[in-house]
2 protein chains.
Amino acid sequence: MRVTIRDVARAAGVSVTTVSRALNGAADVGEETRQRVIEVAKQLNYRPSHVARSLVLRKSQNIGLLVSDFRKGGHHFLYDVLVGVHDTLAEYGYDVTLVSTDTARQQLVSYVDFCRARGLDGVIVMGIRLDDPYVEEVVESTLPSVVIDLPLLSRHCGYVMTDNVNGARYAVRHLVSRGCKRIGFVNGAAHAAVSRERLRGFEEAVRQYVGAFDERLVVYGDFTLEGGQRALAELLAKSPDVDGVFFASDLMAIGGIQHCKAMGIRVPDDLAVVGFDDIDLARFVTPALTTVAQPRYEMGCEAAKMLVHMLQKGEMPSGTLLPPQLVVRETA
Amino acid sequence: MRVTIRDVARAAGVSVTTVSRALNGAADVGEETRQRVIEVAKQLNYRPSHVARSLVLRKSQNIGLLVSDFRKGGHHFLYDVLVGVHDTLAEYGYDVTLVSTDTARQQLVSYVDFCRARGLDGVIVMGIRLDDPYVEEVVESTLPSVVIDLPLLSRHCGYVMTDNVNGARYAVRHLVSRGCKRIGFVNGAAHAAVSRERLRGFEEAVRQYVGAFDERLVVYGDFTLEGGQRALAELLAKSPDVDGVFFASDLMAIGGIQHCKAMGIRVPDDLAVVGFDDIDLARFVTPALTTVAQPRYEMGCEAAKMLVHMLQKGEMPSGTLLPPQLVVRETA
DNA sequence: TTGCGCTTCCAAAACGTTTTCGGGTATATT
DNA sequence: AATATACCCGAAAACGTTTTGGAAGCGCAA
């Protein structure tokens with residue numbers, strides 16, 4: 001059936017030890033025998049079994065991509081990060097297997113056990129929320145991990161996220177430069193770490209660029225389209241004089257714009273809008289959405305790179321912030 | 001370190017054989033010892049090593065998700081399918097590991113070898129094109145596989161795709177029912193299997209519902225936004241009297257609509273438009289796009305199910321067509 | 001001759017499971 | 001009393017690798 005190292009050894013007239021050494025570039029094997037072994041291996045189309053190798057080496061060159069909530073929205077985000085993770089992990093010679101918290105939860109098993117059973121060398125966590133019970137596990141376990149979009153740092157757990165506070169600052173600064181005097185903020189969900197940071201950036205920027213910070217100008221929209229509509233309505237009811245709004249997500253921003261259309265408010269003339277994320281939609285919606293873009297693909301790459309460094313060089317995990325970028329279109 | 005089956009055996013005062021049997025529900029182990037073993041295993045938080053098990057069982061309960069071109073567009077499509085695959089595979093107790101043709105190609109290794117080296121039990125292929133050299137491998141290899149969106153059928157290879165010809169028929173029928181008399185078709189790429197099928201459906205439906213089929217009414221737009229713009233311009237140049245257009249993708253349809261806006265053509269009054277795919281964008285664009293939706297998630301599920309049936313019950317692979325669905329919005 | 005250091009190779013153990021085959025008891029059958 | 005029949009259980013082999021601890025050969029110095 002399968003051609004094993006034993007077959008190669010027999011065909012080359014050496015021991016399995018020598019075959020292993022020859023193929024793995026070990027020192028103590030004669031040059032001519034090495035060549036012969038390599039030749040024979042190619043001849044037989046020999047592929048070492050990753051499984052067997054994993055068993056003896058006690059590492060699988062396989063890392064898990066733990067996704068907390070596969071189904072729910074966030075398509076773009078998760079996908080791009082996933083691709084980034086895959087690409088750079090592949091570069092380093094690692095495979096990636098999908099793990100969803102749902103299946104782990106369903107089997108009533110801690111996610112660490114789930115990963116250990118599969119011999120995963122490490123795990124990249126994304127889409128997890130601050131109030132998820134798995135968070136504790138992530139930071140406490142000795143399984144090397146890096147979390148995306150949640151600032152968790154411990155002995156074996158690093159994180160990478162966009163620089164949300166600066167992203168929010170860019171948004172506000174841009175609104176101000178466009179002449180906005182009274183700027184509102186439609187935030188996402190209070191429990192989300194990114195929301196807190198964006199709020200901080202918003203507040204700092206407002207203090208810096210316009211002066212007083214009026215906390216009645218921040219409302220919450222739950223990251224959804226409808227939430228954006230509702231939240232903007234609420235904001236305008238409280239403060240009819242706002243002339244610019246920063247939304248913590250593009251989806252909410254689009255909802256807000258829909259609300260504006262319904263109410264006869266002109267964007268950006270009556271109300272300037274800037275979103276967050278730069279989802280595909282942003283360029284297609286009319287008017288095209290000005291937004292601050294997250295480097296989704298790069299986040300995946302960075303997370304993968306950090307994990308590999310932890311694994312291979314024993315580096316300590318760290319927290320990395322990736323710079324967002326303001327994309328100016330038509331709404332502000 | 002790791003708690004193995006031996007530890008459990010020792011703690012329970014039985015042999016490893018018995019532990020294995022007890023935990024795997026084999027028949028010949030006394031009920032009391034079984035309970036004792038289970039108790040001890042839970043006590044020690046024992047998790048069988050999937051790696052060791054894979055080695056001896058010669059199957060990994062792990063299937064590969066081969067993505068031909070991760071980066072390029074198709075975000076929504078690939079992501080939804082991926083989630084569907086993952087969900088149902090998880091249900092059946094299989095893990096899924098990501099495989100991109102790029103990495104295989106880069107290592108100058110056939111994708112089958114790539115999968116075999118990793119001990120994958122089967123593979124689900126998506127995003128592959130008809131002219132990809134891997135196609136031959138897929139149909140000829142004995143590695144169980146199912147392909148998405150490409151009608152490849154062989155002893156070990158099945159496929160699942162949407163019923164593109166009926167999808168196209170729905171589109172045409174709807175345009176006709178809206179009163180269109182002269183209907184154009186902006187197809188994708190000539191080499192894509194789906195394009196051929198949609199063309200067939202279009203032609204059949206035109207013959208059935210309007211009468212003569214004029215092949216000058218079909219142009220190609222390469223599935224891109226710009227391609228859609230160009231193609232529609234070309235179509236209108238050749239036949240200014242078309243009053244309805246079916247686009248083989250939403251992206252092209254949106255491009256076409258942009259072209260209409262630029263030319264002062266009213267949609268749907270002057271020109272009715274229906275797209276294909278139902279990407280997220282479709283509902284947000286103005287006017288909202290009428291389109292025929294592909295059951296992306298279900299395609300993933302179906303593919304996974306077929307593969308599992310092949311693996312577990314030795315079923316022969318088959319070709320399944322999933323019904324698309326017309327989503328009527330504002331453009332037609 | 002002996003001893004020593006190189007180089008090149010190998011036998012065997014180990015990784016953590018499953019499974020085959022057979023051994024031992026107790027109970028039922030002749 | 002002998003034998004068959006269940007029923008439990010265990011020793012050992014197997015899966016395909018890597019690695020440890022020598023061993024054999026050889027040249028060279030003492």
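In what follows, every chain begins at residue 1, and chains take the letters A, B, ... in the order their sequences are listed.
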(message) Under a 3.5 Å threshold, yes or no: a donor from one side chain and an acceptor from the other, between B:Gln35 and B:Glu39?
(response) no
(message) List the residues meeting side chain to side chain contact (heavy atoms under 4.5 Å, CB included) with A:Lys313, not counting sequence neighbours, and say none if there are none.
(response) A:His309, A:Glu315
(request) Output all residues satisfying side chain to side chain contact (heavy atoms under 4.5 Å, CB included) with B:Glu298, sequence neighbours left out; order by chain, then residue number. (result) B:Pro295, B:Leu322
(message) With a strict under 4.0 Å distance from non-hydrogen atoms of chain A, what nucleotide opens and what nucleotide closes the contacted stretch of DNA chain C, reading 5' to 3'?
(response) C:dT8 to C:dG16
(message) Quick check on contacts: within residues 2-11 of chain A, what sits under 4.0 Å from DNA chain C by heavy-atom distance?
(response) none
(request) Go through the structure and list residues passing side chain to side chain contact (heavy atoms under 4.5 Å, CB included) with B:Arg155, not counting sequence neighbours. (result) B:Met316
(request) Kindly write out the residues that satisfy side chain to side chain contact (heavy atoms under 4.5 Å, CB included) with A:Pro317, not counting sequence neighbours, or none if the list is empty. (result) A:Met310
(request) Just call it for B:Ser49: base, sugar-phosphate, or nothing, with non-hydrogen atoms closer than 4.0 Å on any strand. (result) sugar-phosphate
(request) Please identify each residue that fulfils salt bridge (charged side-chain N to carboxylate O under 4.0 Å, His left out) with B:Arg10, with sequence neighbours left out. (result) B:Asp7
(request) Name all pairs fulfilling the side-chain hydrogen bond (donor to acceptor under 3.5 Å, both in side chains) condition that reach into residues 142-151 of chain A, sequence neighbours left out, sorted by first residue then second. (result) A:Arg116-A:Thr142
(message) Side chains of A:Thr320 and A:Glu302 only: does a donor on one sit below 3.5 Å from an acceptor on the other?
(response) no
(request) Return the set of residues passing salt bridge (charged side-chain N to carboxylate O under 4.0 Å, His left out) with A:Arg58 (not counting sequence neighbours), or none when no residue passes. (result) none
(request) Compute whether any side-chain donor of one residue and acceptor of the other, for A:Thr18 and A:Ser15, lie under 3.5 angstrom apart. (result) yes
(request) Not counting sequence neighbours, which residues clear ring pair (Phe, Tyr, Trp, His ring centres under 6.0 Å) with B:Tyr134? List them please. (result) B:Tyr111
(request) Assign a letter to each nucleotide of nucleotides 6-13 of chain D from its 5' end: B, base within under 4.0 Å of a protein heavy atom; S, sugar-phosphate only; -, no contact. (result) --SBBBB-
(message) Five pairs per end, C1' atoms only: what is the angle between the end axes of the helix from C:dT1-D:dA30 to C:dT30-D:dA1, to 10 degrees?
(response) 80°
(request) Mind checking the CG-OG1 spacing from B:Leu120 to B:Thr97? Nearest 0.5 Å is all I need. (result) 5.0 Å
